Amino acid sequence: MSVHYTNIDRSHVFAEKTLRDTAFGNGEMKDKAKKSTYRISVPANFSFRHTVESHGWYDLAPFRYDPQKSELAYTFRPANGSPEAVRIKEAKGALSLTVFGEAARTEVIAAVKHIMRLDEPLDEFYSLISQTPGLDWAANANAGRLLRSSTVYEDLVKSLCTTNCSWALTKKMVTNLVELLGEPSADGSRAFPTASAMAARPESFYRDEIRAGYRSSYFAEMADSIASGRVDPEKWLDADMPTPELKKEIKKVKGVGDYAAENLLKLLGRYDGLALDSWLRSGFYKKHNRERKCPDRKIERHYSKFGKWRGLAIWCDMTESWFDEK
DNA sequence: GCGTCCAGGTCTACC
DNA sequence: GGTAGACCTGGACGC
């Protein structure tokens, strides 16, 4: 997911000032909001840091991440209510959640489980890679859970924002969407805009305000189809169809091609596709092909031995250096 | 400061 | 099925 990945600048991981300025919204508003804390257990093979920093999503609004405190904040929208901010922190083999708002406990926990992928079984993947030099690190570190948003719709829009542009532009487009269309929570931070809020804006808004360029018509069309119910991305999560068929379904959304569809499929828990983009390709050339370009077919052959896990295998293979001890 | 070039993924038209 | 060109932005570069 170059998504995450295109031209990613990981120096921001330590951009403490920026994080502190924006981490948890308006302090005064936060003080007035109802505060609840919960604790949820995590699987034995779960790593907070490797999940949060698995790809660039933590750097996109409405996520806020403070690596110094190992704290991830996210503003989401409960099914029937106003947006609420939740802080997620590791706490001795569990996760500690602090919520500012009135959301039901079950709803908060369900959202965090979805975001952090706590119910995703990775034992088979770890067993497969643990004997593979160069990939065994991921099994040892419990890496491989790819952070996702609270809804498939949000991940779909973000995926579109990663296509054909630098990471800086991706961040800008997502930030603009949240700041200009997202509804504020009690702590002042904003949730990702609803499809209805997006559908209410004309194409010119996306071109002039969001700075989405030629993607503007895609945003407008996508939002309209989702708001009207013609497309329901949440159904893709439990779709009872083979991955190639689901990929075709996803690609019906204008603006979503092979890369974006396969990237979204990874966030749905299907790793059959590699989601190749320029960043992954250049990483492969450097690591496995003596820095020389090669056809995608060669990359696909290289990872074919990982079967249905190949998309996760290439991602772990290319991101190992992100977690080198600093 | 201005103009030019380039990278990035998808769509459309064409072969 | 494969390929070329257009789409748009922002960064890099030269002047």
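This is a predicted model, so every value here is computed, not measured.
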Output yes when Glu300(A) and Arg297(A) qualify as a salt bridge under the 4.0 Å nitrogen-oxygen rule, no when they do not. no
Distance check needed: [N] [atom2] versus [X] [atom1], whole Å only.
{"X": "Arg211(A)", "N": "dG10(C)", "atom1": "CZ", "atom2": "P", "result": "5 Å"}
{"X": "Lys293(A)", "N": "dG8(B)", "atom1": "NZ", "atom2": "P", "result": "8 Å"}
{"X": "Trp279(A)", "N": "dA7(B)", "atom1": "CH2", "atom2": "C1'", "result": "17 Å"}
{"X": "Arg297(A)", "N": "dG1(C)", "atom1": "CZ", "atom2": "C1'", "result": "12 Å"}
{"X": "Lys247(A)", "N": "dT10(B)", "atom1": "NZ", "atom2": "C1'", "result": "13 Å"}
{"X": "Asn164(A)", "N": "dG10(C)", "atom1": "CG", "atom2": "P", "result": "13 Å"}
{"X": "Arg215(A)", "N": "dG9(B)", "atom1": "CZ", "atom2": "P", "result": "11 Å"}
{"X": "Tyr206(A)", "N": "dT9(C)", "atom1": "OH", "atom2": "P", "result": "16 Å"}

Could you walk me through whether Ser189(A) and Thr75(A) pass the side-chain hydrogen bond (donor to acceptor under 3.5 Å, both in side chains) test, one step at a time? CA-CA 7 Å; Ser189(A) 62; Thr75(A) 305; 2.6 Å; yes
Check side-chain hydrogen bond (donor to acceptor under 3.5 Å, both in side chains) between Arg211(A) and all other residues, then give those that pass, not counting sequence neighbours.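 side-chain hydrogen bond (donor to acceptor under 3.5 Å, both in side chains) check on Arg211(A) returns nothing, list empty.
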Polar atoms only, N or O, under 3.5 Å: list the protein pairs with nucleotides 11-15 of chain B and their distances.
{"from": "dC11(B)", "atom 1": "OP1", "to": "Gly255(A)", "atom 2": "N", "distance (Å)": "2.7"}
{"from": "dC11(B)", "atom 1": "OP1", "to": "Val256(A)", "atom 2": "N", "distance (Å)": "3.3"}
{"from": "dC11(B)", "atom 1": "OP1", "to": "Val256(A)", "atom 2": "O", "distance (Å)": "3.4"}
{"from": "dT12(B)", "atom 1": "OP1", "to": "Lys254(A)", "atom 2": "NZ", "distance (Å)": "3.1"}

Under 3.5 Å donor-acceptor pair, Tyr259(A) side-chain atoms to dG8(B) base atoms: no
Fit a plane to each ring of [X] and [Y], take the angle between them on a 0 to 90° scale, and name the class: parallel (under 30°), tilted (30 to 60°) or perpendicular (over 60°).
{"X": "Phe284(A)", "Y": "His302(A)", "result": "perpendicular"}
{"X": "Trp137(A)", "Y": "His50(A)", "result": "tilted"}
{"X": "Trp315(A)", "Y": "Trp279(A)", "result": "tilted"}

Check whether more than 12 heavy atoms from other residues, nucleotides or ligands sit under 6.0 Å from atom CD of Glu234(A), and answer yes or no.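 Yes, enclosed.
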Any idea which of dC8(C), dG8(B), dT10(B) is nearest the Arg207(A) side chain? dC8(C)
OP1 or OP2 of dG8(B) less than 4.0 angstrom from a side-chain nitrogen or oxygen of Ser278(A), does that happen here?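 Yes, within the criterion.
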Contact class for Ala260(A) (heavy atom, under 4.0 Å): base, sugar-phosphate, or nothing?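 The residue Ala260(A) makes sugar-phosphate contact but no base contact.
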